[in-house]
Amino acid sequence: MSDAALGVDVVTEDRARSVTTERRPVRIALILIAVAFLTVFLLLPLFAVFSEALRAGFSGYWQAISEPDAVAAMKLTLLVAAIAVPANLVFGLAASWAIAKFEFPGKSLLNTLIDLPFSVSPVISGLVYVLLFGLQGYFGPHLQSQGIQIIFAVPGIVLATIFVTFPFVARELVPLMQEQGTQDEEAALSLGASGLKTFLLVTLPNVKWALLYGVILCNARAMGEFGAVSVVSGHIRGKTNTMPLHVEILYNEYNFAAAFAVASLLALLALVTLVVKIALEWRYADQIAGSNRH
Amino acid sequence: MDARVENEMNDVPAGALAPVAEAGWDEPMQVTVEDVAKKFGLTPALHGVSLDIHPGELVALLGPSGSGKTTLLRILAGLDIPSSGRVLFDEDDALTLTVQERHVGLVFQNYALFRHMTVAENIGFGLRVRPRARRPSRKEIRRRALELLDLVQLTGLEKRYPSQLSGGQRQRVAFARALAIEPRLLLLDEPFGALDAKVRRDLRRWLREIHDKTGHTTVFVTHDQEEALELADRVVVMNDGRIEQVGTPDEIYDEPNSHFVFSFIGESSELPVLVERGKVVFDKLPLNIAARGCRDGPARLFFRPQDVEVGSDLSGAIPGVISMRRRHAGARRLDVEVGRAGHRIEIELPSQFEGGVRGRIAVLPRRWRLFPQEPEGA
């Protein structure tokens, strides 16, 4: 068949479609591939988690998640998130404010460093704290003599979690704040507002949805982090186990029903995060600069 | 000017001004800029600029981008700090005052309205953030916001958000917000730059009206010469971090004092000439143009298209060939190639002028300016 004949075929087959739209069979094939992929890799596992969790029935499920070690793991996870998320909220606001609104030497370095946790393996993120605060580490012996324990204790878990999650808020805010510039602030200052009032009444409201978006993602990661936390935790049941670590322990003990029960809570968290994220993107797309990068 | 004011008084709702005046405007302020220089890193943005702005005056800072006009405005506002020099507000040293203490009303090209606040909240912002002792009551703030909304002719829009307004309306809200703090000085940074041509013209008249009513000392930055010449009492032409000329629109247009001002303002043609013993020579041809104190040596001759005479028997005129002929509003415009280097000049003649393309013509400027050629690199 000649090219010209093919061209005529294409034109007569579907006059209405635009040049960037594929032919119907191609479209259907592409969609099917995507759906099949999602089903096999995402929906099936999600379904498996919930079905395994409920294999022993609701009473078994309830038993698994109300067992003292599981409750302790949940409490610890919530505690860690309750510290790490606000810490990163403050850090993220400060860093993005600095990067977006001022010029200072080392600005691009700071901007790059914020991304470090994204590019470093979580195991390394945990190991640096062992290196710093462990018994053989730089500050370990000194801290030990003061009776302060960081590694294999809650402070270490919090530190590792903060490290892993710190890009989330800053990454949301920096592009938005850069785009918004400093004119609103200049207007507020010239109208007589103090620096603090300018921040509270102008800057913060301008980024509130992006901030919430970043916090949601930060929280999801803080509660779900495994690698870094695993290195510094020491896996002491009822003491230094977060939910992801607890799931692993139960699983290694062949206690599948309980493992999946706790895992289902994490999966639920993921679903809630997803819904909130989509709702934010849908409603405030224009005010969430980085929304297309996640 | 008086006639114009009288004419347009009718457009502003009666009584719009009175309640605002009641709130107590300060006397209009004198602004003195003394030898102000500003460097960003190693790049100089302003080289020792001096300027007096009289009380109640409407002054335009006009220049191409990078001329330093916005830097000067930001220094007046307190948003930038000069590297050297002094700025006086009446008798006070403005440089010791913070942005907040200067009581300067700022209006930006992109409005900078607070997008999460309604129009009324935007206008009332400056009153709301005052320290408690000087803060009016909520009711009073609202009343003032509504008054100002009347003044800027946006009555009834107080509950809208900025995103629900047109560009021209937003700029008026920004203006009302700046007026709400009873500013000693109004600074407008390219106030109409983001608007389309028609809205721009309307807002220009509107701004002049408001200025004539409220009497604030006002400085606005623009790169649009038409805007500057039409709107301002005096125009400050800036170029490359320096003030080229300060004058009324008439002075700037009719008596430009430098080749930059001549070529930047209005239309003009330029020819390289030689001044020899008081005679102006173009292409070895002595012209019937007096050198009028221009020193001997290379110089640049400037004239406007309409300021010429043509004929074939003019003595001391510039001979040339018509290279293009076109209708220009009520007149005829010709491009004429002159001299061996083929310089192009543009002239304007009555529309009934007959000469066609390739026709020979002799052009004699009737009004012109000569500027000595500066040495290279100066």
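Values in this document were obtained by computation on a predicted structure and should not be read as measured data. Keep in mind that the numbers below use all heavy atoms, side chains included, and drop hydrogens, waters and symmetry copies.
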- Item | Neighbour count above 12 (heavy atom, 6.0 Å) for Phe37(A) CZ | no
- Hey, is CZ on Arg128(B) packed in by over 12 heavy atoms from elsewhere, all under 6.0 Å? no
- Please determine which of Ile181(B), Leu79(B), Leu106(B) meets the side-chain contact (heavy atoms from CB on, under 4.5 Å) test together with Ser190(A). Leu106(B)
- Output for pair (Gln183(A) CD, Asp189(B) CG), nearest 0.5 Å, gives 7.0 Å
- Message: Under 4.5 Å from any heavy atom of chain A, what part of Arg74(B) do you find: side chain, backbone, both or neither?
- Response: side chain
- Query: For atom NZ of Lys75(A), is the number of surrounding heavy atoms from other residues, nucleotides or ligands below 6.0 Å larger than 12?
  - Reply: no
- Query: Non-hydrogen atoms of chain A under 4.5 Å away: do they reach the side chain of Arg130(B), the backbone, both or neither?
  - Reply: backbone
- Proximity breakdown for Leu187(B) and chain A, heavy-atom pairs closer than 4.5 Å: neither
- In terms of heavy-atom contacts, Val129(B) and Leu201(A) come closest through CG1-CD1, 3.7 Å
- List the steps and the verdict of side-chain contact (heavy atoms from CB on, under 4.5 Å) for Gln100(B) and Lys197(A). CA-CA 12 Å; Gln100(B) 292 95 336; Lys197(A) 275 185 179 162; over 6 Å; no
- Message: Within the 4.5 Å heavy-atom criterion, are Asp184(A) and Arg115(B) side-chain neighbours or not?
- Response: yes
- For the student: nearest non-hydrogen atoms of Asn206(A) and His116(B), plus distance: OD1-ND1, 3.6 Å
- Query: Is Lys39(B) atom NZ crowded by more than 12 heavy atoms from other residues, nucleotides or ligands, each under 6.0 Å away?
  - Reply: no
- Does Arg86(B) CZ have over 12 foreign heavy atoms under 6.0 Å away? no
